[in-house]
Amino acid sequence: MCDEGEAIVGYLVVRECGDDEVEFWDPENEWSDDPDEGKLYETEDEAEQAARDLRAGDTATITVEPVFEDDEEDEDDAS
């Protein structure tokens, strides 16, 4: 989970597909299983509006999830 006070950098619209699988929304490419392909909304209100619009035509569970700032250093070092 996140620690209290972690910075939220944006919001993703997420659709539950079943079997613990999720997809991420991008208006240009639609649903993708890669979170990096999802649109990062700047405000929760923007993301909620997109989610409401998507729920109107979809029976799946669609939610808005915050994205927290990653303080971890990249682990691209070859060991």
Side-chain angles (χ1 to χ4, degrees):
M1 232 42 212
C2 69
D3 292 330
E4 185 84 19
E6 273 191 78
I8 295 175
V9 296
Y11 299 86
L12 290 171
V13 177
V14 180
R15 176 172 72 174
E16 295 179 20
C17 304
D19 296 334
D20 294 329
E21 292 182 25
V22 295
E23 294 178 325
F24 304 89
W25 176 252
D26 176 59
E28 293 180 19
N29 300 315
E30 300 191 1
W31 296 106
S32 170
D33 60 356
D34 182 357
D36 291 333
E37 297 294 320
K39 178 177 179 179
L40 186 64
Y41 291 89
E42 290 183 23
T43 68
E44 188 174 14
D45 289 339
E46 278 183 302
E48 285 292 348
Q49 181 60 53
R52 277 192 295 275
D53 293 344
L54 291 164
R55 285 181 198 119
D58 198 326
T59 59
T61 300
I62 298 174
T63 60
V64 171
E65 301 295 331
V67 176
F68 295 95
E69 184 173 40
D70 184 9
D71 289 337
E72 306 274 331
E73 290 187 24
D74 290 336
E75 296 182 15
D76 293 337
D77 298 322
S79 297

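Since this is a predicted model, take the numbers as computed values, not measurements.
For Phe24 against Leu12, the heavy-atom pair with the smallest separation is CD2-CD1, 3.9 Å.
Hydrophobic clustering places Ile62 together with Trp25 (ILVMFWY residues linked when any side-chain heavy atoms are closer than 4.5 Å, directly or through intermediates). A single hydrophobic cluster is not seen to contain both Val22 and Val64; linkage of ILVMFWY side chains at heavy-atom distances under 4.5 Å, directly or through other members, places them apart. With hydrophobic clusters built from ILVMFWY side chains whose heavy atoms lie under 4.5 angstrom apart, Val14 does not share a cluster with Trp31.
For the side chain to side chain contact (heavy atoms under 4.5 Å, CB included) with Tyr11, the lone residue among Val13, Ile8, Val9 that qualifies is Ile8.
Asp45 and Gln49 form no side-chain donor-acceptor contact under 3.5 Å, judged by distance and modelled atom types alone.
Identified under the salt bridge (Lys or Arg N to Asp or Glu O under 4.0 Å) test for residues 11-38, with sequence neighbours left out: Arg15-Glu23, Arg15-Asp58.
Expressed to the nearest 0.5 Å, how far CD of Glu48 lies from OG1 of Thr63 amounts to 8.5 Å.
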